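Order of the sequence lines fixes the chain letters, A, B, ..., with proteins taken first and strands second; residue numbering starts at 1 for each chain. Predicted model, so just to flag it, every value in this text is computed and none were measured.
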Number of protein chains: 2
Amino acid sequence: MARTQGSHSDITGPRIRAAAQELFARHGYAAVSMRQIAGAVGVQAGALYNYTPDKQSLLFDLMQAHMEDLLAAWADEAAPQEVLGRLEGFVRFHIRYNLARPDAVFIAYMELRNLTPENFARIEDRRRAYEDQLEIILKAGVAQGVFLVPDTKIAALAVIAMLNGVLTWYRDGGRLSLQEVETLYWDMVRKAVGV
Amino acid sequence: MARTQGSHSDITGPRIRAAAQELFARHGYAAVSMRQIAGAVGVQAGALYNYTPDKQSLLFDLMQAHMEDLLAAWADEAAPQEVLGRLEGFVRFHIRYNLARPDAVFIAYMELRNLTPENFARIEDRRRAYEDQLEIILKAGVAQGVFLVPDTKIAALAVIAMLNGVLTWYRDGGRLSLQEVETLYWDMVRKAVGV
DNA sequence: GTCTATAGATCGATAGAC
DNA sequence: GTCTATCGATCTATAGAC
């Protein structure tokens with residue numbers, strides 16, 4: 001049965017978000033026009049406003065969804081008993097999860113300044129919650145004498161910054177496999193926080 | 001003696017670059033208009049074109065100058081004989097140099113995608129040259145058995161990414177002094193690459 | 001739900017007076 | 001060297017037809 005012409009609400013919404021995500025990641029939020037997004041989807045610019053009240057909401061929804069998905073995925077990870085295993089799990093999870101969705105991660109880090117103050121505060125809150133997950137592991141390891149970390153807050157930020165750096169150079173089919181990258185970074189993190 | 005009215009070529013140029021740097025760092029290149037830059041300087045938009053052929057050149061000149069200054073400053077650093085001291089020198093230099101000019105650093109790694117392909121290639125070349133400076137130290141340390149680093153290229157990228165992370169959270173007058181930050185990061189780097 | 005058309009604002013860059 | 005004025009393009013967002 002043919003649909004009523006122009007009725008595609010069930011698929012157009014996700015396609016708009018996907019197109020916006022790719023274009024924002026590639027060119028930056030401010031450099032991408034609503035017409036470009038519409039063109040990538042195959043509709044006219046006016047049609048976008050059936051799915052988002054404005055361009056800002058489009059950006060915020062992408063970032064919000066990414067942060068919630070990230071926290072939910074980490075919560076679903078099996079947590080080993082040993083604190084060393086938990087840290088290894090975090091390192092490998094972070095690299096694997098972020099490399100699987102580079103556009104979303106790029107936007108989450110590069111477009112913070114294009115959020116309204118209210119939206120910025122909400123994203124920052126989720127980002128801090130994720131950093132806290134790593135700091136909890138570091139604190140437990142310090143308490144057990146397994147880690148030697150003078151400042152767990154700074155160490156958490158340092159580790160995440162180091163892991164995020166993978167996104168700037170990793171390419172599928174490159175010199176190193178995902179497994180090899182995970183292991184290289186886990187080796188550095190393990191030593192950096194070790195006794 | 002009063003100058004001819006409107007003749008300020010010797011100071012307007014630097015003021016334009018300073019205003020552009022601050023505005024690009026705060027809001028992003030694409031989100032800043034030539035009128036905004038002119039307003040911050042106190043001239044009309046048309047006057048900017050006495051100093052730059054276009055907006056793109058303004059961005060590129062800022063990034064180019066930053067990269068050349070960075071490489072020149074590193075070349076001027078006193079290099080200890082011991083490879084461990086050379087690595088410590090790099091870590092402390094990088095943190096200190098970058099925290100002293102956060103706007104320039106922000107632009108250098110946030111606005112790469114707003115460069116034309118030719119300009120991008122030139123900036124990337126300088127960034128690679130800087131990364132090579134760290135890798136040279138790591139390779140020397142590995143050769144001497146002082147460092148244990150399975151992949152010096154990835155380790156160099158990881159260390160620089162970790163150090164760059166300081167820029168996202170450090171605030172003057174905060175909990176930690178610049179000296180304390182340098183020492184915390186040097187401690188992590190030293191252990192991460194150590195035997 | 002998508003289209004065409006457009007309002008209303010702003011953009012980068014240029015021309016010409018002074 | 002800076003100004004005013006403006007060109008031509010482009011922007012976000014909306015209105016109304018279908």
(Q) If only side-chain N and O atoms count, and only distance matters, is there a donor-acceptor pair under 3.5 Å linking D61(B) with Q64(B)? (A) no

Q) What integer distance in Å separates N50(B):CG from dT14(C):C1'? A) 12 Å

Q) Looking at the side chain of A47(B), which of dT2(D), dA13(C), dT4(D) is the nearest nucleotide? A) dT2(D)

Q. Just how far, in rounded Å, is C1' of dA13(C) from CD of Q56(B)?
A. 15 Å

Q: State yes or no: are the ring centers of F106(B) and H66(B) separated by less than 6.0 Å?
A: no

Q) Are W74(B) and Y97(B) close enough that their ring centres sit under 6.0 Å apart? A) no

Q. Can you tell which of dG1(D), dC3(C), dT2(C) lies closest to the side chain of Y51(A)?
A. dT2(C)

Q) Once you round it to whole Å, what is the distance between C1' of dT4(D) and CD of Q44(B)? A) 8 Å

**Q.** Distance, rounded to the nearest Å, where Y49(A) contributes OH and dC3(C) contributes C1'
**A.** 15 Å

Q: Return yes if a side-chain donor-acceptor contact under 3.5 Å exists between Y109(B) and N164(B), otherwise no.
A: no

(Q) Cation-pi check for F120(A) against R122(A): NZ or CZ below 6.0 Å from the six-membered ring centre and within 45 degrees of the axis, yes or no? (A) no

Q: Rounded to the nearest angstrom, tell me the gap between atom CG in L48(A) and atom P in dT4(C).
A: 13 Å

Every protein N/O lying under 3.5 Å from an N/O of nucleotides 7-11 of chain C:
unit_1	atom_1	unit_2	atom_2	d
dC11(C)	OP1	S33(B)	OG	3.3

(Q) Can you tell whether the side chains of E88(B) and R190(B) come within less than 4.0 Å, N to carboxylate O? (A) no

**Q.** Minimum-distance nucleotide (side-chain atoms of T12(A) versus dT14(D), dT2(C), dT2(D))
**A.** dT2(C)

